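Please read the structure below before turning to the comments.
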Amino acid sequence: MMRHELVVEGRVVNPWAVHDTAQIGIDGGLITEIKKQGLQGERMIELPVKCLIFPGFIDLHAHLREDSSGGWNYKEDFRSGSAAALHGGVTTLVDMPNTPLPGVNAERLRLKKELARSKSELDIFFYGAITGTNIEHVADMSKEAIGYKLFLADGLSLHESELPEAFRAIEATSRPAVVHCEDQELIEERRAELEVVGLKAAGDEDLHSWLRPPQAELAAVKKVLNSYGMSDRHRLRIDIAHISVYDSLVLIRCAGGSAAGVHCEVTPHHLFFNREDLSERKGFLKTNPPLRGETDRCQLLDAFKRGEIDFLVSDHAPHTVEEKALDLPDAPAGVPNLDTFGNFVAWLIFSRGVNPALVSRVCAYNPAKFLGLRDRGSIEVGKRANLTILEHRSVKVSSEQLKTKCGWSPFEGFEFPGTVRYTVVNGEPFSFTGGVTATSDAP
Ligand code: DOR
Ligand code: ZN
């Protein structure tokens, strides 16, 4: 009988079915055999029933900060960001282009790829940023980019009037696009209003959400859906990034949702915290789009449970403790989420009753399909041996255990009902709380 390089045995959670016991045989980085029993391996990982084996999580939205300038390496780099990803059960990740030397052309992306390859065990892919000035580079960038990122607000942004042209150019590449939807005009109007009323609200935790209200997200989502609909192009796949307002989902559903090519994602912070939490955590919970009220949070969580949201993403956006401790108006937006991604998924399953098979879809199968990665996303013979193994046991998040360079977590001190026990990348197991046992008669 064939002896596999590695055999992993336990409860397997595939996108459409859970198998109470199965053995996964792994060789040369691939899944080579799956059986109920009888497999032999040079190395065996035998998991207790309190563990769940998922296809390796794919995070299609993370900011690892590094580029060839090294200008933001003090926040994170490919090495520390990958370590945080593995710790959180993420086996494949797509990095966002908003670094000091933004990923706006193929050469910049190629340099990022080279750096990532030398520093990371996991597969890191890249989005190219589409701004008003580089639409002509879209085709050329496709040799280095797995997809494109369009920001409708802040630096690196694209004007709404350029959306149809950008969508046309992206469609021709067959690559997908992720769109950050906040309406620049509305945000600017609010800023101008603030000049008139004065800064009396500055420092107030409501200021940030007032400047970037739900209407800013909804207005931008409408414009994106209009441009997408006008172009009538069903070959183009788009993802509305980090929706924070339930009505965004309603609009996306009306436009036909993922069946019509319009997907959406949600983040751990928008499902876990609400605007009130800012009064205590201040700049540490400042994000774009901002946290919303409890009603939106609960509605999004319920919609997630019903399977109406396509992806769970980290939107890992590390900034240092010193930066986040600044007054709210000055603190940069974004929170680190990679280390705790698996803990958060465990919370969804064990505390909020989310079906594990749904997790397998939103964290692996759906992102693989969206990105066009046919070699991963489910546990099947022939796929890459990427696995995320969660253990059902109580753990408290503590900054000493984090791998992210920024060294803090929005979940610090919170007790989660589960954690990552192993992350297996291309057949290589990274152990966090368990051990890999070598069989006694291994050659
Ligand atoms: O809060 C955010 N931070 N939202 C974004 O879209 C960008 C991110 C960052 O890069 O820090
Ligand atoms: Zn982001």
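Just so you know, ligand 1 is whichever comes first in the structure, and atom 1 is the first atom listed for that ligand. Small disclaimer: the values here were computed from a predicted structure and weren't measured.
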| task | Among all protein heavy atoms, pick out the one at the shortest distance from atom 5 (C) of ligand 1; state its residue, atom name and that distance to 0.1 Å. | result | N288 O, 3.8 Å

| field | Protein heavy atom at shortest distance from atom 3 (N) of ligand 1 | value | A333 O, 3.0 Å

| field | Intermediate values then yes/no, side-chain hydrogen bond (donor to acceptor under 3.5 Å, both in side chains), H316 and N337 | value | CA-CA 5 Å; H316 179 73; N337 259 332; over 6 Å; no

| remark: Here the N/O/S atom of D315 closest to the Zn ion (ligand 2) would be OD1

| task | State if R65 counts as touching ligand 1 under the rule of any non-hydrogen atom under 4.0 Å. | result | yes

| Touching ligand 1 at all, M96? Heavy atoms, strictly under 4.0 Å? | no

Are [X] and [Y] within salt-bridge range, i.e. N to O under 4.0 Å?
X    : Y    : answer
D67  : K112 : no
E171 : R168 : no
R212 : E217 : no

Proximal ligand 1 atoms for [X], defined as those under 4.0 Å from one of its heavy atoms:
X    : result
A317 : 3 (N), 8 (C), 9 (C), 11 (O)
T287 : 1 (O)
H319 : 11 (O)
G334 : 1 (O), 2 (C), 3 (N)

| K369 atom NZ: more than 12 heavy-atom contacts under 6.0 Å | no

| query | Is the shortest N/O to N/O distance between D315 and ligand 1 below 3.5 Å? | reply | no

| message | Would F151 count as being in polar contact with ligand 1, using the rule that some N or O on each side must be under 3.5 angstrom apart? | response | no

| task | Would you mind telling me if ligand 1 is within reach of the side chain of V335, the backbone, both or neither, using heavy atoms under 4.0 Å? | result | neither

| For ligand 1, the portion of H180 having any non-hydrogen atom under 4.0 Å away | side chain

| task | Verify the distance criterion only: is there a donor paired with an acceptor across the side chains of H61 and D315 at less than 3.5 Å? | result | yes

[X] side chain to [Y] backbone, donor-acceptor under 3.5 Å:
X    : Y    : answer
Q184 : D154 : yes
H159 : S161 : yes
R237 : H263 : no

| Metal-centred angle, the Zn ion (ligand 2) as apex - NE2 of H63, NE2 of H61, 10° resolution | 110°

